[in-house]
Amino acid sequence: MRIYNTLSAEKEDFIPLEKDRVNMYVCGVTVYDHCHIGHARSAIVFDVIQRYLKYKGYNVRFVRNFTDIDDKIINRAKKDGIPWDEVARKYTDEFYNDMDRLGVARADMEPKATGHIKEIIDIVKGLIDKGYAYESEGSVYFSVDKFSGYGKLSKRDKEDMIAGARVEVDERKKDPMDFALWKASKEGEPFWESPWGKGRPGWHIECTAMSIKHLAESFDIHGGGADLIFPHHENEIAQSEAYTGKPFVKYWIHNGFITIDKEKMSKSLGNFFTIKEVLGKYDPEVVRFFLLATHYRSPIEFSDEQLKEAEVSIDRYYTTLIRISDFMTGSGGGEKTTGSQKAFEDAVNSFKEKIQAAMDDDFNTAFTLGHIFELIREANRFLDAKPSGQKAAELMLKTKGLLSEAGGVLNIFSRTPDEWRTALMRSKKIQMTEQDVLVKIKEREEARQKKDWAASDAIRKELDEKGIILEDKKDGTAWKIKAG
RNA sequence: GGCGGCGUACCCAAGUGGCAAGGGAGAGGUCUGCAAAACCUUUAUGCAUCGGUUCAAAUCCGAUCGCCGCCUCCA
């Protein structure tokens, strides 16, 4: 398996520190507001990575934190006139609600910064003792100059950064590049007692404390959005390696952004859609598919059109599933081989290998989806040739299993076609009930018996205008929701 | 200004040295009472542009143009 490592800036063979075991830490969210679709991308990307590692047989320990104390939370609390911890609680609940809907699994450990104040203080003390940090007016800063590897993740040196000009000016720091490990609290702000007085943790230190506590001083994978590379992850490396004297993380994985009109979606630009908004228009599976149809490191332009295409693609999957089960229930008869059987068998037999090769190559979910649709095409082609008999049934059953296994890693394609149709009815806000549709189908069937094609077509048209498509089959009329 | 990334068909998007995946849209066809679905054919001798290396380049190297990100809280 190969993974692109931000630290080395190239794809590397994945060799965990401990055989068959993967320790993985992903930066979660700061709970001060609703999550937007960019947060969804990050969560889904690492959810899939975590699922695939488990699928490969690794014993994965996956930690995803919550930042539940921070300036933004304090400001939000002031603005809303509620206690800061209520803000944190509220948006933690919102996060879970969004993630559950998106099919993002819970991590094995989901620690919070405020639950690790003691560990944080111990590390800050340790860093002061080792000479990497200093106290100033009740705050503690990390001295960037003391850590020689500073900049190795974000590939920049100190001079470059200062040349960038926008470096925070703060009288209390010895050097403008230094960052806070512990922040003295102002009047009326939440605080914890510490050797340096009342205060709260800086942003970066919580991840050091929690990853060391719940994983180890050195672990395999650390992930997050690409915007965390600097300063967050760079600072994490500095303080962690200074503290332990050991390499902090072996593989750094960062996902790309979602863009709107080519610009990064962000809170500050205001060009974002919340997860809730998007899920008001599209089924969660559609959102997941849309986000996984592009490689995790590439930017994704958020687009209604692309979301609709994702919906059409998923519909193609479930439509094929219906064809397969129609075939299974109707398949009797003698063995009948067809011309397309060989190609289909090849596709079936090579499928698993292709999927794993795609995922092994830096988690290429887009390529994986390509393979899935290749198999779908072969299955449809095979069915078009009207095969029959035991051998054909076995092949179809195997196909169904393979598709479901691949879908399982991505956590899509896990519903029944009926559930998908119901989900589409909901997300497209179709006004008719299933019962209404069945009544119309019956009416039309009667017209068709009488060969009253005008009446029959009128009903088809009427339903079509409501987004419902009728399909006449040998044993009756089926219906589906128009996707896209 | 420094550092990094991207540019593949009408749209989206894989592919990082060996015949250009996949999805959508378009056109034609098979099937159908008509449809839908599905399948078949078709749509890049071409991968921003110009050079170079190589038996072989979308892929490696150099230059140019365009777009974006990070350097400040950010997924």
Side-chain angles (χ1 to χ4, degrees), chain A residues 6 9 11 26-30 32 35-46 70-72 75 151 154-157 159-168 203 223-232 234 254-259 262-269 272 289-290 293-295 297-301 303 305-306 308-316 319-320 322-323 340 354 358 361 364-385 448 451-454 456-457 460-461 464 469-473 477-480 482 484:
Chain A
T6 308
K11 277 189 205 169
V26 173
C27 287
V29 292
T30 300
Y32 76 105
C35 288
H36 61 62
I37 199 74
H39 297 102
R41 183 180 193 189
S42 190
I44 288 170
V45 161
F46 290 102
D70 159 279
D71 288 347
K72 291 195 291 292
N75 292 337
S154 54
K155 314 279 180 275
R156 64 192 80 198
D157 60 48
E159 310 312 316
D160 292 340
M161 289 184 263
I162 289 167
R166 284 186 297 187
V167 179
E168 186 188 347
W203 174 33
D227 45 6
L228 297 182
I229 295 171
F230 190 90
H232 186 52
E234 194 68 62
H254 294 96
N255 64 273
F257 304 125
I258 292 186
T259 60
K262 301 264 184 187
E263 274 190 319
K264 179 187 169 187
M265 180 184 286
S266 75
K267 283 279 169 63
S268 42
L269 285 172
F272 61 89
F289 185 101
F290 165 70
T294 300
H295 184 84
R297 280 188 284 118
S298 303
I300 298 181
E301 173 73 11
S303 119
E305 196 189 335
Q306 294 304 316
K308 283 182 182 148
E309 285 181 12
E311 190 173 276
V312 170
S313 293
I314 295 170
D315 196 62
R316 177 167 161 79
T319 299
T320 304
I322 292 171
R323 282 197 81 189
S340 58
K354 283 184 184 165
D361 186 12
N364 196 331
T365 55
F367 201 21
T368 299
L369 288 170
H371 292 314
I372 287 174
F373 283 100
E374 248 172 355
L375 182 59
I376 283 176
R377 193 188 56 231
E378 287 304 333
N380 276 315
R381 199 216 296 254
F382 179 64
L383 288 173
D384 273 3
R448 290 183 77 213
K451 295 206 188 306
D452 183 353
W453 305 127
S456 161
D457 289 350
R460 181 196 288 290
K461 188 157 180 278
D464 184 77
I469 293 170
L470 298 182
E471 291 184 12
D472 294 325
K473 300 186 188 184
T477 299
W479 61 283
K480 57 186 285 188
K482 207 190 290 175

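Computed over heavy atoms, backbone and side chain alike; hydrogens, waters and symmetry mates excluded. Residue numbers start from 1 in every chain, and the chains themselves are labelled A, B, ... in the order their sequence lines are given, proteins ahead of strands.
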How would you list, by chain and number, every residue that makes a side-chain contact (heavy atoms from CB on, under 4.5 Å) with [X], sequence neighbours excluded?
{"X": "A:R377", "result": "A:R316, A:E374, A:R381"}
{"X": "A:R323", "result": "A:N380, A:L383, A:D384"}
{"X": "A:A454", "result": "A:D452"}
{"X": "A:T319", "result": "A:D315, A:K480"}

Summary of protein contacts for nucleotides 31-36 of chain B, nucleotide by nucleotide, where a base hit scores B, a sugar-phosphate-only hit scores S (4.0 Å, heavy atoms): --BBBB
With sequence neighbours excluded, residues passing salt bridge (charged side-chain N to carboxylate O under 4.0 Å, His left out) with [X]:
{"X": "A:K264", "answer": "A:D227"}
{"X": "A:E311", "answer": "A:K428"}
{"X": "A:D70", "answer": "A:K72"}

Pairwise C1' distance for B:U16 and B:U59, with rounding to whole Å: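 About 4 Å, rounded to a whole number of Å.
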Contacts of type side chain to side chain donor-acceptor pair (under 3.5 Å), residue A:D464, not counting sequence neighbours: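 Checked A:D464 against side chain to side chain donor-acceptor pair (under 3.5 Å); zero matches.
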Residues that A:F289 engages under ring pair (Phe, Tyr, Trp, His ring centres under 6.0 Å), provided they are two or more places apart: none
Table of protein N/O atoms under 3.5 Å from nucleotides 13-17 of chain B N/O atoms:
| from | atom 1 | to | atom 2 | distance (Å) |
| --- | --- | --- | --- | --- |
| B:A14 | OP1 | A:H295 | N | 2.7 |
| B:A14 | O3' | A:N364 | ND2 | 2.8 |
| B:G15 | OP1 | A:N364 | ND2 | 2.6 |

What are the atom names and distances for every N/O pair under 3.5 Å that joins the protein to nucleotides 26-28 of chain B?
none

